A.B. asks: 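Dropping the structure in here first, questions after.
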Amino acid sequence: MHGSYSTVEVNARRESSPLYWHSTQEEPAPPELEELGLRQGKPAGAGAEICFVPLGAGDPAPTAMALRQLLGPDEYLIGVADPATGAFCADDVLQAGFDDVLLLVRPDDITVCVARARAALARRLWMRREQAHVELERDYLQACIDSLPTPIFFKNAEGIYVGCNKAFEGFIGLPTEKVVGSSVYDVAPEDLARRYQQADDALLARGGEQVYECEVRYADGSLHHVAFHKAAIASEDGRLRGIAGAMLDITDRKNLEGRLIDAAERDPLTNAYNRRKFFEIATEVTDLARREGHPVSVAIIDLDHFKSINDQFGHAEGDRVLCATAALLESAAGDGITVARAGGEEFYVLFPGLALTIAAEIAETMRRQVSDAGLLPDVGEATGTLSIGVAALDPLRGTLWDALKEADEALYRAKRTGRNRICVARRQSGYASAG
């Protein structure tokens, strides 16, 4: 076994370990022990030597205590008793702190006692070596996980932390000595602790691995997206002993995903939804309306004489007008209404759950706000204002394309009748306009 003594080493230790005679009264060793070649006084080694100590008639505890303070805890103390000097109890001697007892009236026991002592010291030596090896491996593993930027933690089956690394200290805002021995309720806010504990309980109930993502707040107050990777720790008999976990900070990845989603869904100029996203949302809304019987309305909006804006003032000014118009449309739309740039100077609006009359009122608010904003105050004709066509969508009788076609027809009616006005599709409600 790595880190243990070989048989040759243990046997050499047994044969070479010196024997000592230690007497607080400086009395000589008894003749029965002369053949052992005892050395006098305090052992000069690093500990774990065999010392024979004479026992008097009194309590052996003070003697044992004094020797342990003088020699340390590793010396193997053999109490040497001569029944002629008084009665004694072997159990009392052992409980006082001695490792063994030798009766001088039984000289045959001397060889056995020394062999027993050397075997015990060899075991102690092996155990110390193994303990040192385990501590070295533990320190090495701790240094390894401390060098990782990912927070890592370990819990036992009762949910108590038994270890972590430096990165986890930074996340939790507590040193390891405060974390170890605590539960998640001791180191995290109650709402988060409850969520973590539920996940741990589920993992311990089924074993295996567990991966999930959530937002967590670090000790410095910053909010991070984190992917938890956990695994149940099982003993050789299959019993679950605890959990090992790592927290991967995926904040940058989530932010990138958000930017990519925006890039796929948003118009890069106005930041309104793009045409593709509009049809994605409209399809979902139409399907829901078909199942539940909700009304849906749509509108198509066009900036009046937009080409003349670009021609007279330049494309930069045209872009400014488009952006300002998109912002005003979304402001007037409110929650639940989708505004998207269909292309060029044209916008689509989706009104989920709203009947045609209400959608027309909101569209009129949009027209009025853009007109009142005076995006191009030096232009006298209807330029930079809105022409709007509004139509109702009956998902049981028509499609989204049918409604958009009707809204487009109403839009061109608004343009032909003077611009800066809304027209409602005549198929749904009879023709009406405002301007």
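Here the structure is a predicted model, which means the values were calculated and not measured.
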A.B. asks: So, for Leu240 and Ala232, which heavy atoms are closest and what is the spacing to 0.1 Å?
C.D. replies: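 That would be CD2-CB, 3.9 Å.
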
A.B. asks: Strictly distance-based, threshold 3.5 Å: is any side-chain N or O of Arg116 a donor or acceptor partner for the main-chain N or O of Val114?
C.D. replies: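 Side chain of Arg116 to backbone of Val114, a donor-acceptor pair under 3.5 Å: no, none is there.
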
A.B. asks: Would you call the rings of Tyr161 and Phe153 parallel, tilted or perpendicular, where under 30° means parallel and over 60° means perpendicular?
C.D. replies: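 Perpendicular: the ring planes of Tyr161 and Phe153 meet at over 60°.
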
A.B. asks: Can you check whether Ser23's main-chain N or O pairs, donor with acceptor, with Gln40's side chain at less than 3.5 Å?
C.D. replies: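 Side chain of Gln40 to backbone of Ser23, a donor-acceptor pair under 3.5 Å: no, none is there.
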
A.B. asks: Do side-chain atoms of Ser297 reach the backbone of Leu354 as a donor and acceptor pair under 3.5 angstrom?
C.D. replies: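 Yes, because the side chain of Ser297 sits within donor-acceptor range (under 3.5 Å) of the backbone of Leu354.
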
A.B. asks: Parallel, tilted or perpendicular: which describes the rings of Phe279 and Tyr348, with under 30° parallel and over 60° perpendicular?
C.D. replies: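 Answer is perpendicular, since the angle exceeds 60°.
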
A.B. asks: Would you indicate whether Glu292, at its atom CD, is surrounded by more than 12 heavy atoms from other residues, nucleotides or ligands within a distance under 6.0 Å?
C.D. replies: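 Above 12, so yes.
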
A.B. asks: Side chain of Arg367, backbone of Ile422: donor and acceptor closer than 3.5 Å?
C.D. replies: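 Judged by distance alone, no pair lies under 3.5 Å.
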
A.B. asks: Can you see which heavy atom on Glu75 is nearest to which on Arg68, and at what distance?
C.D. replies: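 Heavy atoms only, the tightest pair is O-NH1, 2.7 Å.
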
A.B. asks: Do the non-hydrogen side-chain atoms of Phe171 and Val226 ever get within less than 4.5 Å of each other?
C.D. replies: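 With C-beta onward as the side chain, the pair stays apart.
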
A.B. asks: Answer yes or no: is there a donor N or O on one side and an acceptor on the other, between the side chain of Arg320 and the main chain of Leu375, under 3.5 Å?
C.D. replies: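 Between the backbone of Leu375 and the side chain of Arg320 there is a qualifying donor-acceptor contact (under 3.5 Å).
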
A.B. asks: Donor-acceptor check, side chain of Thr325 to backbone of Val321, threshold 3.5 angstrom: yes or no?
C.D. replies: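 Yes.
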
A.B. asks: Before giving the answer on side-chain contact (heavy atoms from CB on, under 4.5 Å), spell out for Val285 and Leu288 the whole-Å C-alpha distance, their side-chain angles and the decisive distance to 0.1 Å.
C.D. replies: CA-CA 5 Å; Val285 168; Leu288 180 62; 5.8 Å; no

A.B. asks: Are any side-chain N or O atoms of Asn165 and backbone N or O atoms of Ile145, one a donor and one an acceptor, separated by less than 3.5 Å?
C.D. replies: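 Yes; at least one donor-acceptor contact below 3.5 Å.
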
A.B. asks: Does Ile160 offer a backbone N or O that forms a donor-acceptor pair with the side chain of Asn156 under 3.5 Å?
C.D. replies: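 Yes, the answer is positive, given that a donor and an acceptor are paired below the 3.5 Å cut-off.
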
A.B. asks: Tell me, yes or no, whether the heavy-atom count around Arg124 atom CZ, taken from other residues, nucleotides or ligands under 6.0 Å, exceeds 12.
C.D. replies: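 More than 12 heavy atoms, drawn from other residues, nucleotides or ligands, come within 6.0 Å of this atom.
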
A.B. asks: I need the minimum non-hydrogen distance between Ala403 and Leu393, along with the two atoms involved.
C.D. replies: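 Closest approach of Ala403 to Leu393: CB-CB, 3.8 Å.
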
A.B. asks: Taking C-beta and beyond as the side chain, do Val339 and Phe278 meet within less than 4.5 Å on heavy atoms?
C.D. replies: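 No, every pair of side-chain atoms sits at 4.5 Å or beyond.
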
A.B. asks: Rounded to the nearest 0.5 Å, what's the gap from NE2 on His229 to CD1 on Ile152? Could you check?
C.D. replies: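 If I round to the nearest 0.5 Å, the distance is 12.0 Å.
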
A.B. asks: Is the shortest side-chain heavy-atom distance between Lys277 and Glu280 below 4.5 Å?
C.D. replies: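 Side chain of Lys277 against side chain of Glu280, heavy atoms only: contact under 4.5 Å found.
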
A.B. asks: Without hydrogens or angle criteria, can the side chains of Asp91 and Gln95 be said to hold a donor-acceptor pair below 3.5 Å?
C.D. replies: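 No.
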
A.B. asks: Please name the pair of heavy atoms, one in Ala391 and one in Ala425, separated by the smallest distance, quoted to 0.1 Å.
C.D. replies: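 Taking every non-hydrogen atom into account, CB-CB, 3.7 Å.
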
A.B. asks: Could you go through the side-chain contact (heavy atoms from CB on, under 4.5 Å) check for Thr338 and Val349 one step at a time?
C.D. replies: CA-CA 6 Å; Thr338 300; Val349 184; over 6 Å; no

A.B. asks: Salt bridge (Lys or Arg N to Asp or Glu O under 4.0 Å), that's the test. Do Glu213 and Arg253 meet it? Break it down for me.
C.D. replies: CA-CA 12 Å; Glu213 297 179 5; Arg253 191 193 81 189; 2.8 Å; yes

A.B. asks: Any non-hydrogen side-chain atom of Asn271 less than 4.5 Å from a side-chain atom of Asp267?
C.D. replies: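 Answer no - side chains too far apart.
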
A.B. asks: Looking at Asp237, I want to see if its CG is surrounded by more than 12 non-hydrogen atoms of other residues, nucleotides or ligands under 6.0 Å.
C.D. replies: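 Correct, the count exceeds 12.
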
A.B. asks: Applying salt bridge (Lys or Arg N to Asp or Glu O under 4.0 Å), run through Lys155 and Asp200 and close with a yes or a no.
C.D. replies: CA-CA 10 Å; Lys155 297 179 183 178; Asp200 289 350; 2.6 Å; yes

A.B. asks: Between Asn274 and Ala264, is there a donor-acceptor pair closer than 3.5 Å when you use the side chain of the first and the backbone of the second?
C.D. replies: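 Yes, because the side chain of Asn274 sits within donor-acceptor range (under 3.5 Å) of the backbone of Ala264.
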
A.B. asks: Taking His225's backbone N and O only, do any of them form a donor-acceptor pair with Thr251's side chain (distance below 3.5 Å, no angle check)?
C.D. replies: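 Yes, because the side chain of Thr251 sits within donor-acceptor range (under 3.5 Å) of the backbone of His225.
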
A.B. asks: For a salt bridge (Lys or Arg N to Asp or Glu O under 4.0 Å) check, start with the C-alpha distance between Asp304 and Lys415, then their side-chain angles and the critical distance, and finish with the verdict.
C.D. replies: CA-CA 8 Å; Asp304 296 324; Lys415 285 183 173 294; 3.6 Å; yes

A.B. asks: What are the two closest heavy atoms between Phe154 and Cys164, and how far apart are they?
C.D. replies: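 Looking at all heavy atoms of both residues, the closest pair is CD1-N, 4.3 Å.
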
A.B. asks: Using side-chain contact (heavy atoms from CB on, under 4.5 Å), reason through Arg39 and Trp21 one step at a time and then give a plain yes or no.
C.D. replies: CA-CA 6 Å; Arg39 300 181 183 182; Trp21 173 260; over 6 Å; no

A.B. asks: Looking at every heavy atom in both Asp146 and Lys166, which two are closest together, and how far apart are they?
C.D. replies: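 Shortest heavy-atom contact: OD1-N, 2.9 Å.
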
A.B. asks: State, with a plain yes or no, whether a side-chain heavy atom of Arg419 is found less than 4.5 Å away from one of His305.
C.D. replies: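 In short, these two side chains touch, coming nearer than 4.5 Å.
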
A.B. asks: Can you confirm whether more than 12 heavy atoms, excluding those of Glu177, are under 6.0 Å from its CD atom?
C.D. replies: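 Above 12, so yes.
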
A.B. asks: Flag the pair Asp302 / Tyr412 as yes when at least one side-chain heavy-atom distance between them is below 4.5 Å, and no otherwise.
C.D. replies: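 The answer is no; the side chains never approach within 4.5 Å.
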
A.B. asks: Does any non-hydrogen side-chain atom of Ile50 lie less than 4.5 Å from one of Tyr20?
C.D. replies: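 SC-SC contact between Tyr20 and Ile50 ruled out.
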
A.B. asks: Determine, stepwise, if the pair Val298 / Val390 fulfils side-chain contact (heavy atoms from CB on, under 4.5 Å).
C.D. replies: CA-CA 6 Å; Val298 296; Val390 187; over 6 Å; no

A.B. asks: Between Ser308 and Asp311, is the side-chain hydrogen bond (donor to acceptor under 3.5 Å, both in side chains) condition met? List the steps.
C.D. replies: CA-CA 5 Å; Ser308 66; Asp311 292 343; over 6 Å; no

